[in-house]
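Data first, discussion second: the structure below is written as structure tokens.
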Amino acid sequence: MEWSERMEQLYALIGHLVQLLALWWQQLAERLWLQREQLRLWLEQLGVPAEQSLIVLYACAYLLVTLLVVLLVWRVMRRRRPVTGRPAPQQPSIAAQDAAAVATKPVAGEATEAVTRMAEAPLSLFERMRRGLAKTHDALWGRLDAVLGRAERIDAAVLEELEEILITADFGVKTTTALMTALQQRARSAELTAEAVRAVLREEILALLRAEVAPLELSASQPFVLLVVGVNGVGKTTTIGKLAQQFKKQGRSVLLGAGDTFRAAAAEQLAIWGERCEVPVIRHSEGADPAAVAFDAAKAAVARKVDLLIVDTAGRLHTKVNLMEEMKKIHRVLGREIAGAPHETLLVLDASTGQNALVQARLFQQAVGVGGIVLTKLDGTAKGGVAVAIAAELGLPVRYIGIGEGIDDLRPFDAEMFVDALFAPPARSTSEQS
Ligand SMILES: Nc1nc2c(ncn2[C@@H]2O[C@H](COP(=O)(O)OP(=O)(O)OP(=O)(O)O)[C@@H](O)[C@H]2O)c(=O)[nH]1
């Protein structure tokens with residue numbers, strides 16, 4: 001093709017584009033004019049004289065634009081201003097805080113063991129955990145610090161106050177009694193100082209959390225079947241989505257079974273999570289037999305040779321016998337299709353329900369057998385001590401904790417990091433450190 005022909009085509013193309021823009025501008029102008037006339041009519045109906053309505057209209061438009069510009073400038077200025085104060089009490093989502101956490105410098109010269117670990121551990125992970133547990137931390141460390149700080153010596157009255165703090169942070173009566181016994185034993189052998197109290201509590205809580213925890217062995221079966229149970233609204237579906245994402249990231253193939261056919265839109269919610277993590281979901285219509293979903297999901301998992309099948313279940317109220325019977329049926333169906341399935345029944349508990357979570361755990365354990373716990377919503381509660389109560393009183397491993405609603409806000413439970421996050425002194429602001 002000749003050079004001149006090409007130029008001609010280019011001019012023609014530009015001509016079309018200009019025409020298109022002109023047309024578009026004309027349409028826009030017509031629409032604006034129409035809107036203006038409608039507003040004028042409306043103003044007239046409100047009693048504004050016809051000759052003044054245009055002036056009022058332009059004045060309103062001027063005010064609106066000024067307001068928008070002021071808002072825009074204010075937002076830009078706010079973003080540019082360096083952060084010097086303490087973080088606001090309403091924390092942003094844990095995922096959003098990640099980047100900030102990476103940039104945070106470790107506190108210099110702090111002598112406590114917790115801070116040493118804080119420097120050693122990958123900071124962003126610890127920071128996420130610390131921020132997620134901020135409320136429980138304040139209920140425990142904050143109050144402990146206040147009591148120990150003002151006490152001249154640790155006597156019976158101070159121990160009584162400590163006991164109350166542990167109960168309030170939902171460690172449960174049994175666990176609190178065990179912790180108090182440990183403190184009293186230490187008091188008999190040596191003088192109990194504030195530092196010793198913190199050290200004893202830290203050691204004892206860690207020992208309770210570490211007992212009986214065996215890691216989840218996905219390679220034990222292919223497919224490995226995880227059944228997720230729990231009462232309404234504790235975060236089962238969300239947890240399944242987060243788990244699917246984590247296992248996907250580890251390179252495992254995952255399939256989800258939407259066994260919650262009871263709650264309207266539960267399967268839809270799971271399907272959305274499936275789309276987000278690019279994981280297929282086996283679902284039936286609402287009200288279908290959950291055991292039938294489990295059957296189809298198990299068949300599909302075997303046929304597709306996936307590594308992991310996660311089956312959701314309806315939020316069962318542990319008091320409803322027929323729902324528990326339904327759960328047993330799901331167990332039977334899965335076991336028939338895949339040897340040993342479900343290989344793990346994960347019970348999801350909402351940490352903010354405190355001791356009620358412990359009651360649920362007991363009932364589910366009796367009814368369907370529970371292999372491990374996922375403790376959700378730790379970010380929004382001061383009742384995180386319930387994690388210790390569950391481990392100590394039921395001997396059930398807390399496998400994961402939920403510290404936010406984001407897809408990455410589910411953490412494999414690390415007892416040491418958890419305890420450090422509870423006992424670490426509050427992070428100091430930039431201004432305080434300098
Ligand atoms: N803050 C916070 N919210 C969470 C966490 N986990 C779940 N949620 C929220 O809890 C609410 C309930 O979660 P779902 O996953 O729908 O709970 P569910 O157990 O499946 O509910 P049912 O299907 O009714 O039984 C949702 O708004 C979740 O975003 C968490 O770790 N932290």
Side-chain angles (χ1 to χ4, degrees), residues 89-98 128-137 226-246 256-277 279 281 283-284 286-288 290 293 310-320 323-324 326-327 330 345-354 356-357 360-361 363-364 368 370 373-384 386-387 390 398-414 418 421:
Q90 266 291 339
Q91 304 250 351
S93 98
I94 302 299
Q97 292 167 8
D98 221 14
R128 285 170 77 133
M129 177 77 97
R130 200 180 61 74
R131 288 170 195 222
L133 294 174
K135 288 193 179 168
T136 305
H137 171 274
L226 256 182
L227 185 67
V228 180
V229 301
V231 305
N232 297 299
V234 286
K236 288 185 300 298
T237 314
T238 310
T239 298
I240 292 174
K242 292 171 177 175
L243 281 173
Q245 165 85 348
Q246 292 196 1
L256 303 181
D260 183 355
T261 56
F262 185 69
R263 181 171 70 86
E268 190 55 42
Q269 194 186 341
L270 198 69
I272 292 169
W273 276 105
E275 258 173 48
R276 268 176 97 178
C277 353
V279 161
V281 180
R283 56 187 283 199
H284 284 195
E286 199 185 313
V293 179
I310 311 179
V311 181
D312 191 11
T313 60
R316 270 161 180 79
L317 286 175
H318 40 271
T319 44
K320 290 197 175 167
L323 288 176
M324 283 300 186
E326 196 178 282
M327 181 78 75
I330 295 175
T345 300
L346 268 185
L347 172 64
V348 182
L349 296 170
D350 177 346
S352 64
T353 59
N356 192 17
Q360 285 169 26
L363 287 162
F364 270 94
V368 291
V370 173
I373 302 287
V374 180
L375 202 56
T376 62
K377 308 187 194 181
L378 269 168
D379 51 307
T381 182
K383 298 178 175 180
V386 73
I390 288 167
V398 178
R399 296 210 183 279
Y400 294 92
I401 54 171
I403 50 172
E405 290 184 85
I407 199 159
D408 291 321
D409 292 333
L410 186 77
R411 302 266 127 214
F413 184 64
D414 177 335
F418 180 85

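Every number for a ligand or one of its atoms is a count from 1 in the order of the listing.
In terms of heavy atoms, Leu375 sits closest to Ala387 at CD2-CB, 3.5 Å. Shortest non-hydrogen contact noted between Gln245 and Cys277 is OE1-CB, 3.5 Å. Contact detail for Ala266 and Asp260: the closest heavy-atom pair is CB-OD2, 3.3 Å. The two residues Ile240 and Leu256 have their closest heavy-atom pair at CG2-CD2, 3.6 Å.
Evaluated for a side chain to side chain contact (heavy atoms under 4.5 Å, CB included) with Leu349, the options Val234, Ile390, Val374, Thr376 yield exactly one hit, Ile390.
Residue contacts with ligand 1 do not include Gly230, since none of its heavy atoms lies under 4.0 Å from the ligand. At least one heavy atom of Gly233 sits under 4.0 Å from some atom of ligand 1. Using a 4.0 Å cutoff on heavy atoms, Ile403 counts as a contact of ligand 1.
Checked against a 3.5 angstrom limit, the closest N/O atoms of Ala314 and ligand 1 fall outside it. Looking at ligand 1, you won't find any N or O of Asp409 less than 3.5 Å from one of its N or O atoms. Checked against a 3.5 angstrom limit, the closest N/O atoms of Thr238 and ligand 1 fall inside it. For ligand 1, the polar-atom distance check against Thr237 finds a nitrogen or oxygen pair separated by under 3.5 Å. Considering backbone and side-chain atoms alike, Gly235 places an N or O below 3.5 Å from some N or O of ligand 1.
For Lys242, there are no salt bridge (Lys or Arg N to Asp or Glu O under 4.0 Å) partners, not counting sequence neighbours. Evaluation of the ring-ring contact (aromatic ring centres under 6.0 Å, His included) rule for Tyr400 yields no partner, not counting sequence neighbours.
Near Asp260, with a cut-off below 4.0 Å to any heavy atom, the atoms of ligand 1 are 23 (O). In summary, the atoms of ligand 1 found under 4.0 Å from a heavy atom of Asn232, numbered by their order in the structure, are 25 (O). Below 4.0 Å from some heavy atom of Gly402 lie the following atoms of ligand 1, by number and element: 31 (O).
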Do Arg263 and Glu286 pass the salt bridge (Lys or Arg N to Asp or Glu O under 4.0 Å) test, and can you show the C-alpha distance, the side-chain angles, and the key distance before you say yes or no? CA-CA 8 Å; Arg263 181 171 70 86; Glu286 199 185 313; over 6 Å; no
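Counting heavy atoms only, Lys242 comes closest to atom 6 (N) of ligand 1 of the residues Lys242, Arg411, Glu405. With distances taken over non-hydrogen atoms, the option nearest atom 31 (O) of ligand 1 out of Gln269, Arg263, Lys377 is Lys377.
Put simply, the side chain of Leu227 reaches to within 4.5 Å of the side chain of Val229, judged on heavy atoms.
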